[in-house]
Participant: 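Please find one structure pasted underneath; my questions will follow.
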Amino acid sequence: MASSATLRLSSFSPSPNFSIKPHQSFHPKFAFSKSLTIRAASTSLEVSKSSHRSKGSEWEWKYKGNAINIYYEEHAKDGAEPAKNILMVPTISDVSTVEEWRLVAEDLVQREGGVNWRATIVDWPGLGYSGRPKMEYDADVMERFLADFINAPDSPVNSRENDLVVFGGGHAATIAVRAAGKGLVKPAAIAAVAPTWAGPLPIVFGRDSGMESRYEFLRGTLRAPALGWMMYNVLVSNEKAIQSQYKSHVYADPSNVTPAIIESRYALTKQKGARYVPAAFLTGLLDPVKTREEFLQLLAELEGKMLVLVVSSKGSPRRSKAEMEALRGAKGVTKFVEVVGALLPHEEYPTVVAEELYLFLQETFDAKA
């Protein structure tokens, strides 16, 4: 039976009586530093140290006439200055959220060693607790957002010493690699955790012209005012559907999929504008590449430019696992490791993934010393 860990952070605003149940969704404008309780499966981690601080904030992203409030969280040690920066980017999915990275962030920033780490977790536009305007979302939009979030003068992760390391899960990892290959972002290193590049429908049904026409029709239907919500409620905003996905391929151990997790993810699907990004993701519009050859070329372009860790997961679905396995020994991949888990190993097994990431951080800055 999987064990569980509890992370407790006390004194949450705005009210002393305000509390959050495990995995319960909450409003992003509430900055927090110590009253949040989070449970994650399959780890013995207990985090309750007073030296740690966390807070939730918003950053405004201006894109094509839209001013989008982007939700992010900062995790760091109290008074630990200076610190090197880690940017953690959630997987892109129907229920993408900063929650998936929290326990890894807590673990890493409280490690004792020669480097103090400051971890920032950011929600994508249109997902998680960020604003969800009606836009034409695609991989280029998400890449532009990532570059702006990292490079803007007022960026929460703006770094003057090239000390930024990016951790991405799923499509987020591939988008980060693509942006780095173009020179849009210049981190010291990238860790790709269970990286993917094909959306749910294209990876199953392919991309011939007939299927692309069907994807376009489905995408338009999901974005439509009334019929779109009806279809979205059937396909995505459905507790049974979410539970089925988590138990079949998102988590490796179905017993780790608790009612609290499903409740949290279901709540995300009920936010205004929730269906726009999923409409693009499901139908492949957020895919950074269209073939394995392009996927491998993205990594090859980083050869000699930065360190790249690939964290593959043993329990990933067969097709996704094959794409991860193609990166073993591939050009541009500095290190390849395999851990337990499926498509969210960093949430399901945070201490296991945190240990691999910590080793990579040490190797990265030893190499730069």
Side-chain angles (χ1 to χ4, degrees), residues 5 7 38 40-45 47 52 54 72-77 80 83-91 98-122 146 150 157 159 162-177 180 185 187-196 252 299 302 306-316 324 327-328 332-369:
L7 164 64
I38 305 169
S42 304
T43 173
S44 59
L45 177 65
V47 182
H52 168 260
S54 301
Y72 69 94
E73 293 178 1
E74 296 176 316
H75 299 262
K77 287 181 182 177
K84 293 189 181 297
N85 289 299
I86 303 169
L87 174 61
M88 299 177 170
V89 193
T91 57
V98 293
E99 294 174 29
E100 71 186 55
W101 277 111
R102 279 186 186 144
L103 286 177
V104 174
E106 301 291 350
D107 183 314
L108 293 176
V109 302
Q110 295 190 88
R111 297 237 177 181
E112 299 297 333
V115 177
N116 291 319
W117 297 105
R118 173 179 171 270
T120 301
I121 319 172
V122 63
L146 185 64
I150 291 174
V157 296
S159 172
N162 192 32
D163 64 359
L164 177 66
V165 178
V166 177
F167 295 165
H171 273 45
T174 310
I175 289 174
V177 167
V185 297
I190 294 175
V193 180
T196 58
L299 274 299
L302 299 186
M306 65 187 65
L307 301 183
V308 177
L309 167 68
V310 172
V311 180
S312 179
S313 50
K314 297 177 182 178
S316 286
M324 295 177 205
L327 300 180
R328 188 188 293 270
V333 175
T334 311
K335 184 178 181 180
F336 183 101
V337 299
E338 189 174 67
V339 298
V340 293
L343 293 181
L344 280 183
H346 46 298
E347 180 176 69
E348 188 179 7
Y349 300 100
T351 53
V352 174
V353 174
E355 182 62 26
E356 294 293 349
L357 295 176
Y358 184 68
L359 291 173
F360 179 62
L361 289 171
Q362 290 181 308
E363 292 161 4
T364 296
F365 289 94
D366 284 348
K368 289 170 63 69

Participant: Counting distance only, does the side-chain N/O of Thr174 pair as donor-acceptor with the main-chain N or O of Thr196 below 3.5 Å?
Facilitator: yes
Participant: Given Glu73 and Glu99, is the side chain to side chain contact (heavy atoms under 4.5 Å, CB included) satisfied, shown in steps?
Facilitator: CA-CA 10 Å; Glu73 293 178 1; Glu99 294 174 29; over 6 Å; no
Participant: With rounding to the nearest 0.5 Å, note down the distance linking CG in Leu103 to OH in Tyr349.
Facilitator: 14.0 Å
Participant: Below 4.5 Å, heavy atoms only, C-beta onward: do Val115 and Leu361 meet side chain to side chain?
Facilitator: no
Participant: For the backbone of Val311 and the side chain of Lys335, can you confirm whether one donor and one acceptor N or O come within less than 3.5 Å of each other?
Facilitator: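 Checked: no pair found.
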Participant: Could you grab the distance from atom CD1 of Ile121 to atom CD1 of Ile86, nearest 0.5 Å is fine?
Facilitator: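 It comes to 10.0 Å.
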Participant: Side chains of Glu355 and Arg111: closer than 4.5 Å at any heavy-atom pair?
Facilitator: yes
Participant: Quick one, Leu357 and His346 - any side-chain contact, counting heavy atoms below 4.5 Å?
Facilitator: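 They are not in contact (no side-chain heavy atoms under 4.5 Å apart), so the answer is no.
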Participant: Between atom CZ of Arg118 and atom CG of Leu164, what is the distance when rounded to the nearest 0.5 Å?
Facilitator: 10.0 Å
Participant: For residues Ile190 and Met306, report the shortest heavy-atom separation together with the two atoms involved.
Facilitator: CD1-SD, 3.9 Å
Participant: Quick one: closest heavy-atom pair of Ala119 and Ala105, and the distance?
Facilitator: CB-CB, 3.9 Å
Participant: Look only at the side chain of Glu100 and the backbone of Leu344, and say whether a donor-acceptor pair between them is shorter than 3.5 Å.
Facilitator: no
Participant: Minimum heavy-atom separation for Met324 to Ser316, with atom names?
Facilitator: CE-OG, 3.2 Å
Participant: With heavy-atom distances below 4.5 Å as the criterion, would you say the side chains of Phe360 and Leu307 are in contact?
Facilitator: yes
Participant: Atom CG in Leu108, atom CZ in Phe167: separation rounded to 0.5 Å?
Facilitator: 6.0 Å
Participant: Do Arg328 and Ser312 have side chains that get closer than 4.5 Å, going by heavy atoms?
Facilitator: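 Of all side-chain heavy-atom pairs linking Ser312 with Arg328, none is under 4.5 Å.
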Participant: Does the side chain of Leu87 reach to within under 4.5 Å of the side chain of Val89, using non-hydrogen atoms?
Facilitator: yes
Participant: Report yes if some heavy atom in the side chain of Val185 is under 4.5 Å from a heavy atom in the side chain of Val166; otherwise report no.
Facilitator: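 No, their side chains stay 4.5 Å or more apart.
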Participant: Does the side chain of Val193 reach to within under 4.5 Å of the side chain of Pro345, using non-hydrogen atoms?
Facilitator: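 Yes, at least one pair of side-chain atoms sits under 4.5 Å.
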Participant: Measure across Asn85 and Val157 and return the closest heavy-atom pair with its distance rounded to 0.1 Å.
Facilitator: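 Reported closest heavy-atom pair: ND2-O, 4.2 Å.
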Participant: Could you state the interatomic distance from CG (Asp163) to CH2 (Trp117), rounded to the nearest 0.5 Å?
Facilitator: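 These two atoms lie 7.5 Å from each other.
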Participant: Measuring from Met88:CE to Arg102:CZ, what's the distance to the nearest 0.5 Å?
Facilitator: 12.5 Å
Participant: Between Ala192 and Pro195, what is the shortest heavy-atom contact and its length?
Facilitator: O-CD, 3.7 Å
Participant: Hey, is the main chain of Val340 close enough, under 3.5 Å, to the side chain of Ser313 for a donor-acceptor pair?
Facilitator: no
